[in-house]
Amino acid sequence: MANDRGPASRRWFRGGGPWRLAVWGVVALLLVVPSLCFLVQAVSPRLFGQGRAWWTGANVAAAWHQGLGVALAHSVVVGAAAALLAVVVAGGLAVVVERTTAVGRGATVLGLWAVLLCPSYLIAVGWEEIVLRAGMLSALGLWSPALQHLVLGPVGVAVVLGLKGVPFAYFALAPSMAAVGGDLEHAVRAHGGRRWATLRVLGPLLLPAVLSGLVIVFAESVGDFGVASTIAATAHFPVATYLLYEAISTFPVNFGVAAVVGWALVGTVGAALLVQSGLLRGRSFAVLGSRGRAARRRQLGWRGQLGAAGFRAAFFLLALGVPVLGVLFSSVLVPFKGFGLSALTLANYRALLGVQGLAGPIRFSGEMGLVCGLATVALGAVLARTMAASQRGVAGRLLDLTLVAAVALPGVVFAAGYIFAYDLPALTRLGIVLYGTVPLLGMAYVANAVPQSSRILLGPFSQVRDSLLYAARVHGAGTSRAWREGVLPLLARPLLWAFLLAFAGIFLELPISELLAPPNVVPVSVAVLRVLGKADIGEGTALSVVAVLVVLGVVALALGLFRLLAPLGWRRWSEGTGGAEHAGVRAARRRAGQVGGPDAAVGAAREAA
Amino acid sequence: MLSGLLAGALGLAACSSSGGTAQAASRQTTQRVPLVVYSAKNYMPGVGTAFTKKTGIPVELVNHSTGTLLAKIQAERSDPQWGLLWIDGAAACAALDQQGMLLRGFEPDAGQLTSLGKELVPADHSYVPTAVTIAGALVYNPKVLPDPPSSFSQLTEPQYRGKVGMNNPAISGPTYTFVAGLMHQLGGVGPGEAFFERLAANGLQVFSTNKVTLTALLQGRIAMAIVQNNAGIEFAEKYPQLKVVYPTAATMLPSVICIDGHAPKAEVAEAKEFADYVYTPAGQAVMKAVNPYGGWPIMQGVTPAPLLPALSSLPVQKIATRTWGAREASITQWFSEHVVNG
């Protein structure tokens with residue numbers, strides 16, 4: 001991507017000097033220090049009173065002896081397969097949504113957000129409920145041992161992770177898919193090139209986005225615990241995150257081995273980033289300019305429309321339809337009664353209504369989701385902006401590595417790391433008592449959510465051109481006004497979605513809530529777990545359905561309020577077909593191209609806002 | 001919560017200015033301080049409320065699974081935050097004692113222990129037994145499995161191939177006691193490991209916790225589930241098609257209280273009061289009322305809930321807590337390598 005060159009005195013716009021220092025300070029306090037406090041125990045358990053040795057390699061040997069090599073190999077293989085699957089599917093979806101006139105493009109993007117909001121655990125459980133011997137297919141007389149073996153094995157693990165990763169890959173790919181093309185496509189055709197020649201020219205230009213999608217889905221997959229603890233665990237298919245979970249759940253707790261597994265996860269993702277960097281080194285993929293021509297959408301005939309609809313329907317059926325059906329099935333069926341109307345019941349849902357004491361936890365977690373979700377989006381936006389402005393610098397790459405590595409580390413690592421970092425007598429002596437307080441719990445929530453949030457916002461922020469800000473400044477706007485009136489209208493929708501994603505994650509977050517909630521404070525996930533502790537799959541899935549419905553209700557409410565209350569310009573400029581949150585930016589760029597410069601773009605943005 | 005955040009921030013500022021924390025200050029006084037209880041017992045909220053009502057001592061409760069609590073305690077070793085721990089499994093408390101973390105030499109003076117209760121008291125009085133459960137009971141559906149085994153050693157027979165499910169002892173603490181008990185019954189670690197290898201070869205399925213294993217039973221993935229008896233009884237109460245039996249040998253798993261040996265004196269005194277209260281008829285009545293299946297009582301004059309069979313009618317055994325507790329890390333690691341991931 002081309003970066004606008006601005007005056008040196010305005011480098012801070014692009015994340016230089018004190019600004020970068022402040023950003024790194026926050027990242028260090030929230031992410032780096034707690035993570036390192038946990039990870040350092042791989043070699044120095046005594047540092048936090050977890051053993052006698054100041055320096056030892058015993059944990060590495062123990063982790064290896066416990067099967068780290070095999071588990072990591074499994075994680076890498078399914079992670080790579082999931083990433084490949086996700087990018088292929090997401091590429092197809094991006095073509096349909098960004099480059100064709102297929103109907104239902106907006107609904108497709110909404111569906112992708114629904115997949116993003118649905119926990120991987122729920123997708124895995126839903127599939128289990130379909131293919132198991134006592135599952136839905138069996139009730140319909142369609143049970144197949146071969147299908148059960150396939151789904152509840154390595155293939156199933158990779159496919160579920162891949163389906164879950166499609167939205168991440170899509171949001172990495174879609175902006176480039178929409179932006180790459182116009183002039184080049186025109187040039188190829190002017191020289192007599194046909195569709196294949198166009199593809200050969202344009203395809204390589206998508207490489208950065210493709211690699212970005214591969215890396216983020218790979219990181220999400222190797223760090224996933226929802227599928228690891230369900231399909232993978234019961235299929236005797238150990239993966240690295242499950243090994244980490246075992247090391248922390250066992251007694252005596254083995255933080256040293258868990259830390260070694262943590263390093264292995266970070267190293268794996270780091271290696272993936274290195275490969276990405278190596279493939280892109282020395283090549284320029286800058287194609288966007290202020291006078292660029294928008295890519296042309298392909299007009300689809302009825303066959304094309306049918307194909308596009310079928311492709312999307314198949315994806316959503318596998319990613320959402322089947323698992324939701326499975327979860328609903330197990331929540332409304334009486335066990336041991338076969339399959340029929342007499343076996344259907346709403347007892348599990350009625351039982352939930354009778355559970356006492358959930359109102360307080362729901363309110364607490366709702367408020368935490370609101371406050372910490374806003375903080376997450378604010379920080380995520382700052383980080384996305386910083387990374388977008390310094391992608392090619394060392395600091396930018398280091399920040400990228402930190403955030404992607406954080407995606408690969410399970411939440412329990414942050415939770416334990418926060419105890420090591422903030423429950424120290426030295427801090428108490430200094431009068432700093434954060435441990436055991438709600439603010440520290442909030443910090444951990446933000447730390448856990450911000451890597452994903454910044455990754456989601458990176459695409460839209462990468463496309464905000466500094467020229468918008470410079471032009472606003474030239475016209476006399478202050479910094480905050482330049483952002484508020486020149487940029488915010490373009491990013492309102494992705495910011496809203498990033499907030500909703502953070503809210504959903506925080507509202508249902510478990511390991512951090514368990515380890516860091518102060519005494520007498522019960523987040524909703526902990527309260528739910530207490531109910532589930534003595535519940536069966538029916539009540540459990542009913543509770544999951546209700547929890548997801550609550551989150552979807554909040555999402556619908558927020559989107560409704562946005563539609564009602566946001567200024568017209570925000571809606572017009574930032575709405576689009578999705579990954580096309582960047583549509584507003586494209587529009588701004590087009591206007592800039594038409595009337596001759598970036599000043600016009602900010603003028604247009606301000607006018608619209 | 002917003003006010004909580006504000007209060008937290010203000011508290012931080014106040015602490016910074018005074019050079020000491022409210023918690024630290026309160027811990028230094030001999031007045032009533034909050035008693036921080038880490039508990040995995042689901043009757044604790046009820047018992048805590050009754051205790052506060054009787055004594056005026058405020059209880060701050062952290063209520064999670066045993067594994068989560070032990071991980072939290074281990075991570076907090078630099079600056080322990082708990083005052084009293086109440087869990088299932090004496091082995092974990094024995095291990096904490098061996099690390100010098102527990103108060104020793106305390107015995108509640110309220111109520112009289114049964115002879116079984118007295119047998120469960122450790123020599124150094126580093127923890128206090130409060131009830132007894134069985135680490136591994138068998139839950140099954142008689143329609144699917146009309147002939148359940150009478151001894152766990154029969155599980156390797158061909159008719160049970162692929163039908164048995166149990167928890168992972170590396171994740172479920174009570175399951176370690178079951179594994180240790182079976183090894184004890186079979187003659188030691190070596191014969192025990194050989195048995196579990198045969199069981200794995202016979203299609204044993206391992207899940208993470210009681211709930212997941214029992215769910216697998218509902219789903220038809222297994223025909224019998226080995227789980228802690230109280231979880232099995234609750235499940236069978238909900239699904240009357242299921243039965244709970246106690247094959248030989250059923251290993252006892254005591255519920256125990258232990259006290260942080262490094263807690264401030266005032267909190268230690270309150271923790272002792274709490275343990276005393278649990279031993280009183282009032283405390284025992286609250287436990288039974290909140291959760292009738294929480295375990296067999298070990299106090300004289302207290303009767304078990306009707307659904308619990310007489311303990312004397314079961315083929316129960318006790319295992320040496322410290323001996324088998326010391327082997328927990330190596331045995332669970334072996335189990336992960338050879339049975340779970342083997």
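These numbers were taken from a predicted model, which means no experiment stands behind them. The sequence lines fix the lettering, A, B, ..., with proteins before strands; numbering per chain opens at 1.
Between the CD atom of B:Glu76 and the CZ atom of A:Phe48 there is a distance of 14.0 Å, given to the nearest 0.5 Å. A distance of 4.5 Å separates CD of B:Glu337 from NE2 of A:His65, quoted to the nearest 0.5 Å. A distance of 8.0 Å separates OG1 of B:Thr332 from CD of A:Gln66, quoted to the nearest 0.5 Å. Once rounded to the nearest 0.5 Å, the distance linking CD1 of A:Ile248 with CD1 of B:Ile171 reads 11.5 Å.
The shortest distance between side-chain heavy atoms of B:Arg221 and A:Leu152 falls below 4.5 Å. In this structure the side chain of B:Ser208 reaches within 4.5 angstrom of the side chain of A:Tyr242, judged on heavy atoms.
The contact between B:Leu61 and chain A is made by backbone and side chain atoms together, counting heavy-atom distances below 4.5 Å. No part of B:Asn230 comes within reach of chain A, as not one of its non-hydrogen atoms sits under 4.5 angstrom from that chain. Contact annotation for B:Ala231: neither backbone nor side-chain heavy atoms come within less than 4.5 Å of a heavy atom of chain A. For A:Tyr245, the part lying near chain B is the side chain, with the backbone staying farther off; criterion is any non-hydrogen pair under 4.5 Å. Both the backbone and the side chain of A:Leu515 come within less than 4.5 Å of a heavy atom of chain B. There is no contact between A:Leu47 and chain B, counting heavy-atom distances below 4.5 Å. With a 4.5 Å cut-off on non-hydrogen atoms, B:Val37 does not touch chain A at all. With a threshold of 4.5 angstrom between heavy atoms, A:Gln41 does not approach chain B through any atom at all.
A pairwise comparison of heavy atoms in B:Asp79 and A:Thr428 identifies OD2-OG1, 3.4 Å as the closest pair. Of all the heavy atoms in B:Ala329 and A:Pro252, the pair that sits closest is CB-CD, 3.7 Å.
Your options are A:Val70, A:Ile419, A:Leu132, and the one with the most heavy-atom pairs under 4.5 Å with chain B is A:Leu132. Ranked by heavy-atom pairs under 4.5 Å with chain A, the first of B:Leu214, B:Leu70, B:Val212 is B:Leu70. Per-residue counts of heavy-atom pairs under 4.5 Å with chain A were compared for B:Val59, B:Asn63, B:Val62; the largest is that of B:Asn63. For chain A, the option among B:Ala95, B:Gly220, B:Gly325, B:Ala92 with the highest count of heavy-atom pairs below 4.5 Å is B:Ala92. For the options A:Val521, A:Val253, A:Thr250, A:Asp423, heavy-atom pairs under 4.5 Å to chain B are most numerous at A:Asp423.
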Quick one: do A:Asn254 and B:Gln333 satisfy side-chain contact (heavy atoms from CB on, under 4.5 Å)? Show the steps, please.
CA-CA 11 Å; A:Asn254 201 336; B:Gln333 186 178 326; 5.7 Å; no
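With a 6.0 Å radius and a threshold of 12 heavy atoms from other residues, nucleotides or ligands, A:Trp143 has its CH2 atom above the threshold.
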